[in-house]
> 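Structure in C-alpha cells, see below.
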Amino acid sequence: MARCRSTGGRPDPVRIGISCYPTLGGSGAVATELGKALARRGHEVHFIVTDVPFRLGEFYENIYIHQAETASYPVLRTPPYDFALAALMAEIAVDYDLDVLHVHYALPFAVCAYLAKTMVGPRRLPVVTTLHGTDVTVLAQDRAMYSVIRLGIEQSDAVTAVSQSLIEQTRSVFQIDREIACVYNFVDPDVFHPLHRKHLRERVAPNGENVLLHISNFRKVKRIPDVLRVFARVCEQVPSVLLLAGEGPEWGEARELAKSLNIMDKVHFLGRQDEVASLFSLADVFLLPSEKESFGLVALEAMASGVPVVGSTAGGIPELVSHGETGYLADVGDVERMAEYTLSILRDEGERARMSAASRARAMSHFHVSSKVAEYERIYESVIGAERT
Ligand code: GMT
C-alpha cells in the first residue's frame, strides 16, 4: 500500500494494527470506533487482541481480527499473555506488511509493541501509543509498574493522550518532556443524537418524573455514592428517577447505599447495557461526579444526544463540559452543589432546552469523529514518513 499523502488531500490507505482492551470501557470503545472509521475511509485495519472488541458490530471486509492465544504451563504462575501478544504483533506486522501499530494504553500494549518492534528487526514498525488514563493516573503509583509504563511511553514513535489534563499529568508523573499530542475522544453524531422515545420514557418515568442517568464500569473512581447522594437530594425536591447502567466492583455497595438512602424504588439498576444510545434518549441530565476522569467519553455521548452533564472538575472533564453552557461542574465530592445544579436544569425548561442544544452543538463542533480520525491519520503519516527517511 502507498504510504504518502495523495494529491486529493485525503491520505492514501495504510495498513494499521490496533491493540486495545476488548472489554467494556472507554479506551476499547475509542479504539474500536477508530478502527471502524479508518476502515470506512479505506484503510486496512488489523485488531491484534485477546478477544473480539465489544463494539465491532457489523462486518467490514477490510477489518481483520487476530486473537492472541496464550499457553499455560505448570511452571508459570500466570499465562504469558503479554509475550503472546507481543509475538502476535510481530507476526502480523510481517505477514500483513503493517505500516503502523497503534496501541491503546501504555500498559501492557506499548511495552508489547516495543518488544514486537525489536523482534521484527530491520523491518521498521512505527508505534503510536494513545494514553487513556488509568495507567498514568492509577497504575503508575505502583513502583513495579512505573518504570515499565515509562519505558512504553518513551519507546513509542508518537504518543497521544485524550486530554490536555492527561498530558500534564503524564509529564509530571513520569518527569518526561517528550512530545505528546492531544487527540480528544470523539463521537459519531449519527449514532448519538437526540431522540424522542415517548413510549420508552413512559415506561421508566410513568408519572412524568425527571430522568437522571449515570453509566460507568462502577469502579471506585466513578464515585457512585455521589451519584446516589446527588439523586437523593434532587428527588426530595422534584419527582425523579435514576437510571444506573453498567457493572463493576462498586455495584453491590451502591445497592446497599440506595437502600439506606431510601431511594431504592426510584433507582433502576440496569446492569450491563451494550446499546447505550437509546438510554441517553430517556435522560434529562447525565451525572459524572468522578474522582479521576481523563476525558469522559460517556459524557460526550450524552452531550451528542442532547443531554446536559452535571459532574466534577476532575481531569479532562472541564475540557469537554463547558460550565454554565453545556452543563455544570463542581469540585469532586461536592454533592450539595451538584444537586443544586441538577435542580436548576430540571426546574427551568428554557435552561434545559438551551443546554441540550449547546451540548449537541459542542459535541459536533469539537469532537466529531471525522476530525479526530483525520488527526490520527496525520500522526500515522508523520511516523511512517519518519521511519522512511
Ligand atoms: O472510565 C473507565 O474506567 C474506563 C477507561 C478505560 O480505560 O476504558 O476509560 C478511560 O478512557 C476513556 C477513553 O479515552 C476516557 O474517556 C475515560 O475518561 C478514561 N477513564 C478514566 O480516566 C477513569
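Just follow the structure's listing: the first ligand is 1, and inside any ligand the first atom is 1.
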> List every atom of ligand 1 that sits less than 4.0 Å from any heavy atom of Leu297, numbering the atoms from 1 in the order shown and giving each element.
16 (O)
> If you measure only the distance, is there a donor-acceptor pair under 3.5 Å linking the side chains of Glu319 and Ser165?
no
> Is the closest N or O pair between Glu293 and ligand 1 shorter than 3.5 Å?
yes
> Looking at Tyr105, which atoms of ligand 1 are within less than 4.0 Å of one of its heavy atoms?
6 (C), 7 (O)
> Going from CG on Leu346 to CD on Glu209, what distance comes out if it is rounded to the nearest 0.5 angstrom?
12.0 Å
> I need the atoms of ligand 1 closer than 4.0 Å to a non-hydrogen atom of Gly25, numbered in the order shown.
8 (O)
> Going by atom types alone, do Glu91 and His66 pair a side-chain donor with an acceptor below 3.5 Å?
no
> State whether the shortest distance between N or O atoms of Gly28 and N or O atoms of ligand 1 falls below 3.5 angstrom.
no
> Strictly under 6.0 Å, is that where the ring centroids of His366 and Tyr184 end up?
no
> For ligand 1, which atoms sit closer than 4.0 Å to a heavy atom of His132?
10 (C), 11 (O), 13 (C), 14 (O), 19 (C), 22 (O)
> Quick one: which ligand 1 atoms are inside 4.0 Å of a heavy atom on Lys292?
23 (C)
> For ligand 1, which atoms have a heavy atom of Val162 less than 4.0 angstrom away?
14 (O)
> Looking only at side chains, do His132 and Ser294 share a donor and an acceptor under 3.5 Å apart?
no
> In the single-linkage hydrophobic clustering (I, L, V, M, F, W, Y; side-chain heavy atoms under 4.5 Å), do Val227 and Leu243 co-cluster?
no
> Is the closest basic N to carboxylate O distance between Glu336 and Arg229 below 4.0 Å?
no
> What do you reckon, does His104 put a non-hydrogen atom under 4.0 Å from ligand 1?
no
> Under 4.0 Å from a heavy atom of Lys222: give me the atoms of ligand 1 that qualify, with their elements.
1 (O), 2 (C), 3 (O)
> Counting only nitrogen or oxygen atoms and a 3.5 angstrom limit, does Val30 reach ligand 1?
no
> Check whether the ring centres of Phe367 and Phe295 lie less than 6.0 Å apart, and answer yes or no.
yes
> Show the atoms of ligand 1 that are less than 4.0 angstrom away from any heavy atom in Phe295.
16 (O), 18 (O)
